[in-house]
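Reading through the structure tokens given below for one structure.
What you see is a predicted model, and the numbers here were worked out from it, not measured in a lab.
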Amino acid sequence: MAELLILVGLLVAVFVGYNIGGSSTGVAFGPAVGSRAVRKVTAGALFTVFAFLGAWTIGRKVITTMSTEIVDAAAFTPAASVGVLFFTGLALLISNLYGVPASTSMTAVAAIVGLGLATGTLNTALMFTILSAWIVSPLVAVFTGALIGRYLYPHLDAKFEFGRLTNPLIAIDTQERLPRLSVNDTVSPRDLIGSALVVAIACYMGFSAGASNAANAVAPLVGNGSLNPSPAILLAVGAISVGGFTIARRTLATVGSDITEMPILAALIVSTVGATIITVLSWLGIPASLAVSTTSCIIGLGWGRASRARTLAEIVTQSPGDESAPQFTTGALKVNPVEEKKEVAAGPTVGELAEGKTPDPDRQDASGEGVSSAGERDPEELSAEGLFHHAAAARVVTLWVITPLLSLVGSYALFSLLG
């Protein structure tokens with residue numbers, strides 16, 4: 001029976017890793033695919049390589065935390081491991097059905113916490129540290145995005161304007177017997193730099209995703225001794241790569257199509273901020289969400305740009321019913337395909353404004369002259385309603401909370417009954 005449970009645990013771990021690969025590949029390489037810097041097959045290959053590097057190096061600390069420190073390793077019996085992985089996958093499935101990119105790390109940790117609470121083996125001090133990081137990191141991402149959007153973005157956008165490519169910058173030719181890497185040498189130097197940066201940041205996000213997410217699929221199996229860390233990493237990355245080459249095609253199309261409504265510069269900013277936060281937390285051994293950090297930065301960046309036409313005093317003293325208050329359309333998120341179409345139709349996204357689809361006072365000549373300061377009125381005032389929508393952001397944040405709670409409650413109920 002124990003051997004059968006271990007086999008089931010391995011299969012469930014592969015399933016969880018498969019779904020992680022499908023989601024994380026889209027988050028990391030959506031901008032690169034959408035801007036035509038790389039094709040989907042190339043994105044899957046690059047994501048696999050850098051996810052492996054992240055999991056093999058920094059990711060070991062996260063595996064140790066989730067397999068031996070949140071709860072006692074002895075609590076991860078074969079049956080407990082299957083239960084933890086099952087509720088992790090189930091909660092993520094529910095979130096995916098609602099179209100919201102939930103946190104695999106938060107959901108996996110919540111399932112482990114349910115086991116710890118039911119068995120009395122939870123390390124409360126460590127969980128306080130992890131919960132603190134989960135609260136602080138999105139706030140840091142929002143605050144950083146808001147500062148950049150309000151004070152720096154217009155100046156950066158005036159100096160750097162990257163276009164999109166007709167043909168991919170990097171492509172893998174699969175027509176020959178052996179796959180061959182080809183580079184597009186017909187792009188302009190400016191677009192070459194922009195596309196190269198998009199690919200580089202996507203690889204960096206892949207590294208961060210591997211460092212943080214590999215543990216979500218295999219930590220219970222490492223905890224009960226079914227796998228050692230190195231084979232566990234190979235199993236996790238193998239499953240993640242399969243997801244990256246298969247179901248990630250849909251997430252790449254969705255995320256890539258939405259994110260490229262942002263200019264490439266905005267995608268670079270949110271990707272860099274999100275990946276850096278997760279890399280630092282993974283280095284500290286704290287599991288955290290790349291999707292949450294990246295999306296929080298998108299929200300902050302949109303709010304920062306939307307608030308530029310108002311002084312800080314006006315923002316603080318505005319009444320709740322003030323229709324001129326900044327609204328935000330996430331653009332990079334597909335909360336509900338039907339509802340989102342209505343929201344986007346109501347106003348342009350960050351990228352639509354920045355790409356000239358409506359007048360944008362932030363877009364000036366390359367010298368940067370004439371960029372209005374934060375709080376200054378402009379004859380062609382930026383449409384705040386197209387940049388910040390509280391209802392869309394609230395739905396996303398609500399699902400971020402509900403998904404781990406479902407995993408926690410289900411896990412606790414199961415192990416309390418078994419105990």
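- Counting only heavy atoms from C-beta outward, the side chains of Trp303 and Val142 never approach each other to under 4.5 Å.
- With rounding to the nearest 0.5 angstrom, the CZ atom of Phe76 is 9.0 Å from the OG1 atom of Thr119.
- A donor atom on one side chain and an acceptor atom on the other are not found under 3.5 Å apart for Thr403 and Thr107.
- Across all non-hydrogen atoms, the minimal contact from Pro154 to Gly149 is CD-O, 3.8 Å.
- Here Asn123 pairs with nothing under the side chain to side chain donor-acceptor pair (under 3.5 Å) rule; sequence neighbours left out.
- Across every non-hydrogen atom of Leu281 and Ala133, the tightest pair is CD2-CB, 4.1 Å.
- Distance check: Met205 CE to Thr272 OG1 gives 8.5 Å after rounding to the nearest 0.5 Å.
- Side-chain atoms of Thr65 come within 3.5 Å of backbone atoms of Lys61 as a donor-acceptor pair (strictly under, hydrogens ignored).
- Listed for the Ser67 side chain is no donor-acceptor partner under 3.5 Å among the backbone atoms of Gly223.
- A donor and an acceptor atom, one from each side chain of Asn228 and Ser230, are nowhere located under 3.5 Å apart.
- Counted within 6.0 Å of OH on Tyr18, heavy atoms from surrounding residues, nucleotides or ligands total more than 12; the atom is thus considered enclosed.
- At most 12 non-hydrogen atoms from other residues, nucleotides or ligands lie less than 6.0 angstrom from CZ of Phe15.
- Considering CZ of Phe245 and OG1 of Thr25, their distance stands at 8.5 Å, rounded to 0.5 Å.
- Taking all atoms of both residues into account, the shortest heavy-atom contact from Val62 to Ser212 is CG1-O, 3.9 Å.
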